[in-house]
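Below is one structure, written out as structure tokens, with a few remarks after it.
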There are 2 protein chains.
Amino acid sequence: MLQVSRKFEYGLHAVTYLATKGLGRVVTVKEMADEIGFSQEFLSKAMQSLKRAGIAASVQGVKGGYRLGKATEEITVADIAIAIEGEPHLVRCGVKADRCEIFSSCHHRGYMNILQHKIQGLLNATTIHTLLKEIER
Amino acid sequence: MLQVSRKFEYGLHAVTYLATKGLGRVVTVKEMADEIGFSQEFLSKAMQSLKRAGIAASVQGVKGGYRLGKATEEITVADIAIAIEGEPHLVRCGVKADRCEIFSSCHHRGYMNILQHKIQGLLNATTIHTLLKEIER
DNA sequence: GTTAAATAGGACTATTTTAAGCCTATTGCC
DNA sequence: GGCAATAGGCTTAAAATAGTCCTATTTAAC
């Protein structure tokens, strides 16, 4: 339970990789996949999600690739999670009420929602900038 | 991502149900499943896990069933999560190193572990006692 | 203008995890 | 002994995740 998806891990690695290359440098998915050690196809999907969220920017065509879409101070771990997996729902009634057969009589929803916001707060508290500083140490 | 399992939800509901019935009262899985609105078979598995962890105590035989194994002040949400789903692993390298192909070169493990402990801390901060008080309000 | 290298993204498949269900003990009160 | 309960192994079903394949589009280089 409470495990992060592979795609999120791919995305986080890609973002920190792009960050170390600097804001300007355009990097191909192939280079990232080779350097980090992932499947190129799958990483590509993660990059597309990051691009839609504005976290990465893409350049099409032969000399194309990706670069960061924002400063590292403006990207949080939560941003990456949401870009790749959508808004988090700790309990399934958050996705859709009819996913829980006891929705109307449930006593836990309030607590679970608070818990979810706290977890979200933790993810929001780390920017890529601070994450990189911790790594460099 | 970061969604709690159904079995955990079942377990949490069962524990709060037992708690409202008082420490002494023995309740059958059938009664709990009917009252809460769950599958009896599946809830039964959750109860077995809770029993192994000492959170619930069982009485076998005709007049058998479950009751709480501890005071509500001594059961945290984290205890229930661990009883039912085992130790949490936010990233799959926590389960087993070879579940990640870039284990040796990974830069994020430190941060992910810290994050995991913080989430665990949140779950640990709520006892069933305090959860019930919030519900009663 | 053709080619080649890149992103974009839809559709599909495979794998893994989660959720259930089934069946057979075993226990213990009546 | 019979019945109503837990105990738990084994199997199946459903859902989510991970990964692949294929085709289009873009654009630099020739």
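Here is how names work: the chains are called A, B, and so on, in the same order as the sequence lines, proteins then strands, and each is numbered from 1.
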Between [X] ([atom1]) and [N] ([atom2]), how many Å, whole number?
X: Asp34(B); N: dA5(D); atom1: CG; atom2: P; value: 11 Å
X: Leu50(B); N: dA7(D); atom1: CG; atom2: C1'; value: 14 Å
X: Leu43(B); N: dG8(D); atom1: CG; atom2: P; value: 15 Å
X: Phe38(A); N: dG19(D); atom1: CZ; atom2: P; value: 10 Å
X: Met47(A); N: dG19(D); atom1: CE; atom2: P; value: 17 Å
X: Phe8(A); N: dG19(D); atom1: CZ; atom2: P; value: 16 Å
X: Gln3(A); N: dA18(D); atom1: CD; atom2: C1'; value: 13 Å
X: Met32(B); N: dT6(D); atom1: CE; atom2: C1'; value: 11 Å

Measuring from the side chain of [X] (C-beta onward, heavy atoms only), which nucleotide among [options] has the closest atom?
X: Gln48(B); options: dA28(D), dT7(C), dG8(D); result: dG8(D)
X: Val62(A); options: dA5(C), dT27(C), dC29(C); result: dA5(C)
X: Gln60(A); options: dA20(C), dT6(D), dT26(D); result: dT26(D)

Task: Modelled atom types, side-chain donor and acceptor of His108(A) and Thr16(B), under 3.5 Å - done: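 Judged by distance alone, the side chains do pair up.
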Open item on the list: When you measure from the centre of the six-membered ring of Phe103(B), is the NZ or CZ of Arg92(B) closer than 6.0 Å and no more than 45° off the axis?
Closed with: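 Output no; distance or angle outside limits.
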Open item on the list: If you assign each of Lys63(B) and Arg99(A) to its closest nucleotide in DNA chain D, which residue comes earlier from the 5' end?
Closed with: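 The answer here is Lys63(B).
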Task: Which residue lies more 5' along DNA chain D, comparing Tyr66(B) with Phe42(A) via nearest heavy atoms - done: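 Result of the comparison: Tyr66(B).
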Open item on the list: Check the orientation of Phe38(B) and Tyr10(B). Use parallel for under 30°, tilted for 30 to 60°, and perpendicular for over 60°.
Closed with: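 Judged by the thresholds at 30° and 60°, the geometry between Phe38(B) and Tyr10(B) is parallel.
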Give a yes/no on whether any side-chain N or O of [X] is located under 4.0 angstrom from OP1 or OP2 of [N].
X: Ser44(B); N: dG8(D); answer: no
X: Lys51(B); N: dT6(D); answer: no
X: Tyr10(B); N: dA19(C); answer: no
X: Ser58(B); N: dA5(D); answer: no
X: Arg92(A); N: dA15(D); answer: no
X: Arg52(B); N: dT6(D); answer: no

TODO: Provide the closest heavy-atom pair for Ala83(A) versus Ile55(A) in the form atom of the first, atom of the second, distance.
DONE: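 In this case the closest contact between Ala83(A) and Ile55(A) is CB-CD1, 3.8 Å.
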Open item on the list: Quick check: do Leu123(B) and Thr76(B) have side-chain heavy atoms less than 4.5 Å from each other?
Closed with: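 With C-beta onward as the side chain, the pair stays apart.
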- [ ] Return yes if the base of dG10(C) and the side-chain atoms of Lys45(A) contain a donor-acceptor N/O pair under 3.5 Å, otherwise no.
- [x]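 Looking at the base of dG10(C), it does pair with a donor or acceptor on the side chain of Lys45(A) (distance under 3.5 Å).
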Task: Nearest-nucleotide 5' precedence on DNA chain C, Gln40(B) against Thr28(A) - done: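 The residue whose closest nucleotide sits nearer the 5' end is Thr28(A).
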Task: 5' priority, DNA chain C, between Glu41(A) and Gly64(A) [closest heavy atom] - done: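 Mapping each residue to its closest nucleotide by heavy atoms, the 5'-most match is Gly64(A).
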Task: Salt bridge flag under 4.0 Å for residues Lys30(A) and Glu41(A) - done: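 Looking at Glu41(A) together with Lys30(A), the answer is no, because their closest N to O distance does not fall below 4.0 Å.
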